[in-house]
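Below: the structure, in structure tokens.
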Number of protein chains: 2
Amino acid sequence: MPVQIKAEALTATRFAPFGDVLDFAGKPDKIINQGMCGRFHNRAKVTHIDGQSGISLFDSAPRQLPYRLEMMERHPLGSQAFLPMTEAPFLVTVAEDQNGRPGHPIAFLTEPYMGVNYHANIWHGVLTPLSKPGRFSVIDRIGSGANLEEYWFEETYIITD
Amino acid sequence: MPVQIKAEALTATRFAPFGDVLDFAGKPDKIINQGMCGRFHNRAKVTHIDGQSGISLFDSAPRQLPYRLEMMERHPLGSQAFLPMTEAPFLVTVAEDQNGRPGHPIAFLTEPYMGVNYHANIWHGVLTPLSKPGRFSVIDRIGSGANLEEYWFEETYIITD
């Protein structure tokens with residue numbers, strides 16, 4: 001029997017060991033544009049060991065819950081942010097490192113207008129939208145070199161809501 | 001009588017002198033995640049003369065068409081990208097520089113899943129969503145120093161659809 005993991009609500013506190021939650025909680029840091037716009041300023045730790053940070057777009061097929069988590073990956077050379085271009089929640093899975101492989105995964109469900117930034121070298125599952133279209137803005141390191149490490153579990157996990 | 005400007009459909013070709021259009025047109029540059037996800041790779045010229053690029057979120061009050069364009073601004077020290085977190089179109093206004101002030105503005109309307117990246121020092125109007133909530137991911141230069149120049153028109157323009 002695969003181990004079941006219940007997805008919990010994504011919060012900045014709970015997610016802090018893995019990265020940043022980008023959302024509209026609380027007051028904006030600055031009011032700009034003649035009072036018309038709130039700026040939630042510089043909310044992610046964007047890093048790249050070499051190369052530079054760039055903007056890409058991802059269009060991912062949706063998955064559904066319960067979801068079988070078979071693999072996690074990490075990017076040693078830089079952070080990676082996912083910001084949704086739709087209002088649909090998506091699934092976020094992360095794990096602490098345990099001797100070079102992911103430990104027990106933790107699963108989160110986002111709310112609308114909420115993105116995540118995985119810090120460099122943090123184990124995470126691939127992008128898992130739960131509805132169509134699974135379209136996201138992605139800010140990550142652009143550069144050459146090996147920036148992808150995958151780990152396939154011997155025993156998979158089942159993520160439920 | 002204010003000069004009227006008709007907003008046109010946003011296309012990469014037409015926008016090229018001002019910046020990058022980020023969208024899902026054409027084929028993705030890479031297929032990743034075991035065939036489940038298309039990556040439209042590194043689609044924007046992200047620059048910062050000093051400091052670094054960071055991720056912020058903007059929450060802007062919506063405007064409506066016809067829209068009175070009274071001011072344009074530019075950021076000499078870096079690019080600025082706006083990627084919508086909703087599927088609603090928004091208004092984009094840009095102008096070529098004319099002796100240190102914006103020339104005749106050009107207006108564009110986006111389609112869903114389409115963002116823009118203004119290159120450094122390009123005159124543009126402030127963020128103008130056309131429906132609520134006006135929520136965007138913003139990638140721009142984080143740093144100190146004067147990175148905002150505003151120009152208020154003596155005679156305003158009216159943008160129509």
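Remember, predicted model here, so these are calculated numbers, not experimental data. Here is the naming used below: chain letters follow the sequence lines, and residue numbers restart at 1 for every chain.
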Completion exercise
From the list B/M71, B/E73, B/R135, B/K30, the residue making the most non-hydrogen contacts under 4.5 Å with chain A is B/R135
Practice task
Would you mind checking which part of B/L148 comes under 4.5 Å of any heavy atom in chain A, side chain (CB onward), backbone (N, CA, C, O), both or neither?
Solution key: neither
Handout entry: Backbone of A/N42 reached by a side-chain donor or acceptor of B/S56 within 3.5 Å
Key = yes
Problem - Check: A/F136 ring centroid to A/F90 ring centroid under 6.0 Å - result: yes
Practice task
Give the member of B/G134, B/A88, B/G54, B/S60 that has the highest number of heavy-atom pairs under 4.5 Å with chain A.
Solution key: B/S60
Practice task
Please say whether more than 12 non-hydrogen atoms of neighbouring residues, nucleotides or ligands are located less than 6.0 Å from CD in B/E8.
Solution key: yes
Problem - Exam field: side chain B/S137 to backbone A/L83, donor-acceptor pair closer than 3.5 Å - result: no
Exercise for the section: Just give me the residue among B/E150, B/R63, B/M85, B/K45 that pairs up with chain A most often, heavy atom to heavy atom, under 4.5 Å. Expected result: B/M85
Practice task
Scan side-chain atoms only and decide if B/D20 and B/H119 contain a donor-acceptor pair under the 3.5 Å cut-off.
Solution key: yes
Handout entry: Under 4.5 Å from any heavy atom of chain A - which part of B/I142
Key = side chain
Exercise for the section: Please answer: with hydrophobic residues joined when any side-chain heavy atoms are less than 4.5 Å apart, are A/I159 and A/F15 in the same cluster? Expected result: no
Exercise for the section: For each of A/P84, A/G115, A/A44, tally heavy-atom pairs with chain B at distances under 4.5 Å, and name the one with the top tally. Expected result: A/P84
Completion exercise
Max heavy-atom pairs within cutoff under 4.5 Å with chain B, candidates A/P62, A/P28, A/P133, A/A81, goes to A/P133
Practice task
Just say parallel, tilted or perpendicular for the rings of B/H75 and B/H124, cut-offs at 30° and 60°.
Solution key: tilted
Exercise for the section: Could you check which of B/V126, B/V46, B/I55, B/N33 has the highest count of heavy-atom pairs closer than 4.5 Å to chain A? Expected result: B/I55
Exercise for the section: Name the region of B/L57, side chain, backbone, both or neither, that has any atom closer than 4.5 Å to a heavy atom of chain A. Expected result: both
